[in-house]
Amino acid sequence: MLNLKACPFNLDVTLCCGQVFRWNKIGDWWFGVAKDKVFKIRQVEKRLEFVNVNSEFVCHYFGLNDDLQKIKESINKDAHICRALEKLWGLRLIQQDPWECLASYICATYKGIPAIKTMLNKLAQKFGEKTVFEGYDFYNFPTVDALACATLDSLSACGLGYRAKYLKTTAKKIFEQQFDLEELRQLPYAEAKKILCNFTGVGPKVADCVLLFSLGKYEAFPVDVWIKRVVLRHYNRLLPRELTQKLAKSRKLDNSKYSKISEICRNYFGDYAGYAQEYLYHYERMTNIDN
DNA sequence: TTCCAGGGAGTAT
DNA sequence: ATACTCCATGGA
């Protein structure tokens with residue numbers, strides 16, 4: 001049990017906003033697997049209740065040690081982000097496992113979130129270790145070794161499509177080099193990003209997601225189709241006029257345009273730009289998807 | 001049926 | 001550097 005007095009947090013928003021894909025709500029409890037720990041958690045007012053995990057892990061995993069109030073003050077630059085902050089207040093960035101995050105976002109390219117969930121659950125069922133908890137089956141996210149050794153066909157069978165070979169190639173490279181993704185945490189943002197982009201299936205967008213969601217680089221500002229819309233609709237005043245026109249025309253976002261948008265937003269929102277990104281991303285999706 | 005998705009790789013210029 | 005084209009497939 002954890003008292004959240006003076007610690008703004010919203011569990012539902014945090015787990016629904018599209019940063020993680022393998023949490024499920026059964027009744028009023030959320031069930032999930034994080035770093036080989038299967039546990040359930042629920043929020044009752046300003047109280048956090050959880051089973052099969054300790055409060056230290058919960059605090060770290062859900063980013064409860066971040067000073068959200070202070071982060072809000074630093075990113076609250078205009079009326080639009082202000083609305084998102086109010087509507088989604090308590091959303092926090094989860095501290096994901098780097099490998100699960102990398103593999104997940106390689107699979108997440110050019111797919112919708114429901115389809116991503118299906119893919120990752122199939123992957124876990126087929127290649128992850130099973131644990132039974134309160135009568136339900138749970139699966140750890142597959143290890144690097146497991147995916148490095150998997151056949152292309154068995155990966156494709158999880159619905160990965162052309163991403164199967166990206167995932168296998170990257171898993172194999174990490175496996176053979178015994179590469180430790182955690183080491184990237186010690187490097188500056190730009191250097192870590194460059195290294196990540198050398199993996200197959202990893203471009204600037206996937207790299208930014210991994211840096212933001214699992215390596216503590218809060219300045220990372222991933223730009224996907226939703227964020228592109230947000231920028232065009234609410235922040236085109238920040239962009240050079242020429243860039244705005246190009247964006248409106250071309251559907252695609254090449255590396256050059258991506259870097260410009262991402263950097264402009266990073267400079268605008270500051271050290272916690274990634275937090276701003278997540279609020280903007282979910283706010284945009286909320287107001288454009290009826291559910 | 002058609003359209004779109006938390007993009008990236010490959011190729012030609 | 002820049003522009004264009006494929007890529008597989010589930011979900012709406």
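Below, read A as the first sequence line, B as the second, and so on, with proteins coming before strands; counting in each chain starts at 1. The structure presented is a predicted model; accordingly, all values stated were derived computationally and were not measured.
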Just jot down the salt bridge (Lys or Arg N to Asp or Glu O under 4.0 Å) partners of [X], sequence neighbours excluded, or say none.
X	value
A:Asp180	none
A:Asp36	none
A:Lys194	none

(request) Using a heavy-atom cut-off of under 4.0 Å over every strand shown, decide if A:Ser250 touches base, sugar-phosphate, or nothing. (result) nothing
Using atom [atom1] in both nucleotides, what's the gap between [N] and [M] to the nearest angstrom?
N	M	atom1	answer
C:dA8	B:dT11	P	14 Å
B:dG6	C:dC6	P	24 Å
B:dA9	C:dG10	P	23 Å

Salt-bridge criterion met for [X] and [Y] (N-O under 4.0 Å):
X	Y	value
A:Glu278	A:Arg92	no
A:Arg185	A:Glu182	yes
A:Lys205	A:Asp208	no

Taking distance alone, no hydrogens or angles, what donor-acceptor pairs closer than 3.5 Å link side-chain atoms of residues 133-146 of chain A to residues at least two apart or in another chain?
unit_1, atom_1, unit_2, atom_2, d
A:Glu134, OE1, A:Lys40, NZ, 3.1
A:Glu134, OE2, A:Lys40, NZ, 3.2
A:Thr143, OG1, A:Ala146, N, 3.0

(request) Nearest-nucleotide wise, let me know which of A:Lys165 and A:Ser256 is further upstream toward the 5' end of DNA chain C. (result) A:Ser256
(request) Would you sketch DNA chain C in dot-bracket for me? Only Watson-Crick or G-U wobble pairs with both distances under 3.5 Å count, crossing pairs as [ ], other-strand pairs as |, the rest as dots. (result) |||||||.||||
(message) Please give me every residue in residues 268-276 of chain A whose heavy atoms get under 4.0 Å of an atom in DNA chain B, ordered by residue number.
(response) none
(message) Below 4.0 Å from chain A heavy atoms, what is the first contacting nucleotide of DNA chain C and what is the last?
(response) C:dT2 to C:dG11
(request) State the CG-CD distance between A:Asn65 and A:Gln95, to the nearest 0.5 angstrom. (result) 9.0 Å
List, one per line, each side-chain donor-acceptor pair under 3.5 Å for residues 220-233 of chain A, sequence neighbours excluded.
unit_1, atom_1, unit_2, atom_2, d
A:Asp224, OD1, A:Trp226, N, 3.2
A:Asp224, OD1, A:Ile227, N, 2.9
A:Lys228, NZ, A:Ser250, O, 3.3
A:Lys228, NZ, A:Arg251, O, 3.1
A:Arg233, NH1, A:Glu284, OE2, 3.2

(request) Name all pairs fulfilling the ring pair (Phe, Tyr, Trp, His ring centres under 6.0 Å) condition that reach into residues 177-197 of chain A, sequence neighbours left out, sorted by first residue then second. (result) A:Phe179-A:Phe199
(message) Considering only residues two or more places apart or on different chains, which pairs with a residue in residues 44-56 of chain A satisfy side chain to side chain donor-acceptor pair (under 3.5 Å)?
(response) A:Arg42-A:Glu49, A:Arg47-A:Glu49
(request) With sequence neighbours excluded, give me every side chain to side chain donor-acceptor pair (under 3.5 Å) pair touching residues 154-163 of chain A. (result) A:Thr151-A:Ser154
(request) Determine, using ring centers only, whether A:Tyr275 and A:Phe269 are less than 6.0 Å apart. (result) no
(request) Report, as a single string ordered 5' to 3', how protein heavy atoms within less than 4.0 Å touch nucleotides 2-13 of chain B: B base, S sugar-phosphate only, - not at all. (result) ---BBBBS----
